[in-house]
Number of protein chains: 2
Amino acid sequence: MLEKSHKYITCSTCVGRKSSLLGSLCEDEIDHMNDHKACNYYKKHQSLFLEGSFPRGVFCINAGMVKIFQRGDEGKEQIIHIAKAGEMVGFRSMFSEIPYKVTAETLEESNICFIGKDDFLNMMDANPVLRNGIIKELSRELADRADFITNMAQKSVRERLAFTMIILLDIYEKEPINLSREDLANFVGTATETLIRLLKDFKEEGIIEVQTRKISIINKEKLFSIAGK
Amino acid sequence: MLEKSHKYITCSTCVGRKSSLLGSLCEDEIDHMNDHKACNYYKKHQSLFLEGSFPRGVFCINAGMVKIFQRGDEGKEQIIHIAKAGEMVGFRSMFSEIPYKVTAETLEESNICFIGKDDFLNMMDANPVLRNGIIKELSRELADRADFITNMAQKSVRERLAFTMIILLDIYEKEPINLSREDLANFVGTATETLIRLLKDFKEEGIIEVQTRKISIINKEKLFSIAGK
DNA sequence: TGGAAAAAATGACCAATATCATATTTCAAA
DNA sequence: TTTGAAATATGATATTGGTCATTTTTTCCA
């Protein structure tokens, strides 16, 4: 259970911050940010922002996980990214000055801070390291999305599932993957039924272990060879 | 036919530049860039850079068109983007400091200038407008790629073809689309045969007109309604 | 300008995966 | 602990779109 009061979250001690884009801030900047941020406790399935709305700032995840998705024509979600503690979300649309094209929603209870647009842009102006870090991050994500597109376009659902699980392995680290079958299907880009059948195959092939919702990967090598990496 | 000698291309008169990310440069900066750029004439099907190699700078397209693609496991190309006069290519990987994940290759004869990495980064440091323009551009492209992913994941090939043609309409403007069936298939993410069959359907439905290679869109509305926008 | 090579087109067939229907399990609230 | 709803699972079936084989057309260049 997370601490529901947020008065204890301070930027200077935030574990996520240090390894994030905001790791380069000096003490003054951290203090300034700390004074200007607002922290919130989010329950599971709460949204940070909605597709179509205008960005007012950025969100820093102190604890928890957030799915970033788009809704297709029939309302089916396509998950684009899953963000975890230490990551910032919502800044891409803020820079592009267009409404959000994606929705961000917690996958579990989370502590998330908010920094207003002007405060954040000022920090960027004053801090070349932060600025360059952001440019680098945006560029990396573009490269990742190119891979994502090629995978979607050219690979079978089975291969895409393997690829997605490798991504999830990175996100969940030692923890078992804890996503609904539907979310998983919406990340892979397939029907929930197809996903369930493939999970069964993977289980029978000794690639994963399943405990209802939680999926542990027990044969990484096989996963990599299926994904074709 | 393009002028094969490049001595006539100067940044100050470059038509593409003015509407590009480099439109904000002051006279001094333009002169500096002009002194440090190298221009080249490229034939059709020549590459600017290859997947896996390290970026040394950025390319500015003065005239012509360039396809940006990734090669999937069986060597099949997935086109991610088509860049035209006025666009810069190659800077995304340069920022992320990882090798190119994509290959850039001319679709037709082109005049393209090159600016070295250090020169370009210095220009960026000195010019906040340029810097912010690039951040904005990267963010916009991220948003576009999210759409691309959702389309790939959730739409039929027919819908994706319509969507792709809308993108191409933007690129080719008044000109008819001039791409091989294979390139078109590799942009849509389908087999060449499937693409050819769908083009035939579109022709019979009065959406496009085809003159061997060149495709003109004669019913935009229908295209939009198929793409679901 | 002819001829070879590349590109485009067409047909037949099949596999992958979506869809729809229904059953079973899990979970959380009363 | 029960119970109802949501999530997961399974089966049957339909369909899209990929593959392979072949033909026709276009392009390019010697």
Side-chain angles (χ1 to χ4, degrees), chain A residues 1 43-45 67 72-79 107-109 150-164 176-204 208-215 226 228, chain B residues 1 43-45 67 72-79 107-109 150-164 176-204 208-215 226 228:
Chain A
M1 261 329 213
K43 285 183 293 192
K44 203 174 176 171
H45 302 312
K67 69 172 168 180
D73 292 336
E74 280 90 43
K76 187 176 164 68
E77 296 179 4
Q78 177 59 43
I79 298 182
L107 285 167
E108 52 186 48
E109 51 169 11
T150 304
N151 274 314
M152 279 293 178
Q154 300 195 356
K155 294 197 172 173
S156 68
V157 177
R158 182 180 158 87
E159 290 167 320
R160 265 152 42 203
L161 174 56
F163 178 82
T164 303
I177 296 165
N178 185 12
L179 277 178
S180 73
R181 300 291 188 267
E182 196 180 352
D183 278 339
L184 200 44
N186 290 343
F187 204 177
V188 174
T190 188
T192 307
E193 296 93 325
T194 302
L195 178 109
I196 287 169
R197 284 179 242 265
L198 284 170
L199 277 185
K200 197 183 166 194
D201 291 348
F202 278 18
K203 203 166 84 182
E204 283 168 6
I208 58 172
E209 235 161 34
V210 178
Q211 288 169 34
T212 56
R213 197 166 203 270
K214 293 183 176 170
I215 300 170
I226 293 171
Chain B
M1 264 325 215
K43 284 184 293 193
K44 203 173 176 171
H45 302 311
K67 68 173 168 179
D73 291 335
E74 282 90 41
K76 187 177 163 69
E77 295 178 6
Q78 177 60 43
I79 298 182
L107 284 167
E108 52 186 48
E109 52 169 12
T150 302
N151 273 314
M152 279 294 178
Q154 300 194 357
K155 294 197 173 174
S156 68
V157 177
R158 182 180 157 90
E159 290 167 321
R160 263 149 48 201
L161 174 57
F163 178 83
T164 303
I177 296 164
N178 185 12
L179 278 179
S180 73
R181 300 290 187 265
E182 195 181 352
D183 278 339
L184 200 44
N186 290 342
F187 202 0
V188 174
T190 189
T192 307
E193 296 93 326
T194 302
L195 178 108
I196 287 169
R197 284 179 242 265
L198 284 170
L199 278 185
K200 197 183 165 192
D201 291 349
F202 277 19
K203 202 165 83 181
E204 284 168 3
I208 58 172
E209 233 161 38
V210 177
Q211 288 169 34
T212 58
R213 197 168 204 268
K214 293 184 177 170
I215 301 169
I226 293 171

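All chains are named by letter (A, B, ...) in the order of the sequence lines, taking the proteins before the strands, and each is independently numbered beginning at 1.
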Distance check needed: [N] [atom2] versus [X] [atom1], whole Å only.
X	N	atom1	atom2	result
Gln154(B)	dT19(C)	CD	P	10 Å
Arg213(B)	dA9(C)	CZ	C1'	16 Å
Arg181(B)	dT26(D)	CZ	C1'	11 Å
Leu195(A)	dT19(C)	CG	P	14 Å
Gln211(B)	dA9(C)	CD	P	13 Å
Lys155(B)	dT16(D)	NZ	C1'	17 Å
Ile196(B)	dG17(D)	CD1	C1'	14 Å
Leu199(B)	dG17(D)	CG	P	14 Å

Heavy-atom donor-acceptor pair, Lys76(B) side chain to Thr190(B) backbone, under 3.5 Å: yes

Lys203(A) backbone acceptor or donor facing Glu209(A) side chain under 3.5 Å: no

Heavy-atom donor-acceptor pair, Arg197(A) side-chain to dT19(C) base, under 3.5 Å: yes

Nearest-0.5 Å distance, OG of residue Ser156(A) to CG of residue Leu198(A): 8.0 Å

Exceeds 12 heavy-atom contacts within 6.0 angstrom, atom CD of Glu159(A): yes

Touch class at under 4.0 angstrom, heavy-atom based, for Thr194(B) against every strand present: base

Sugar-phosphate, base or nothing in reach of Thr192(B), heavy atoms under 4.0 Å: nothing

N or O in side chain of Lys200(A) less than 4.0 angstrom from dT10(D) OP1/OP2: yes

Position toward the 5' end of DNA chain C (nearest nucleotide), Glu182(B) or Ala153(B): Glu182(B)

Student check: side-chain heavy atoms of Ile215(B) and Arg181(B) closer than 4.5 Å: yes

Minimum-distance nucleotide to Ser156(B) side chain [options: dT19(D), dG17(D), dC27(C)]: dG17(D)

Closest-nucleotide ordering on DNA chain D, the 5'-leading residue of Glu193(B) and Lys44(B): Glu193(B)

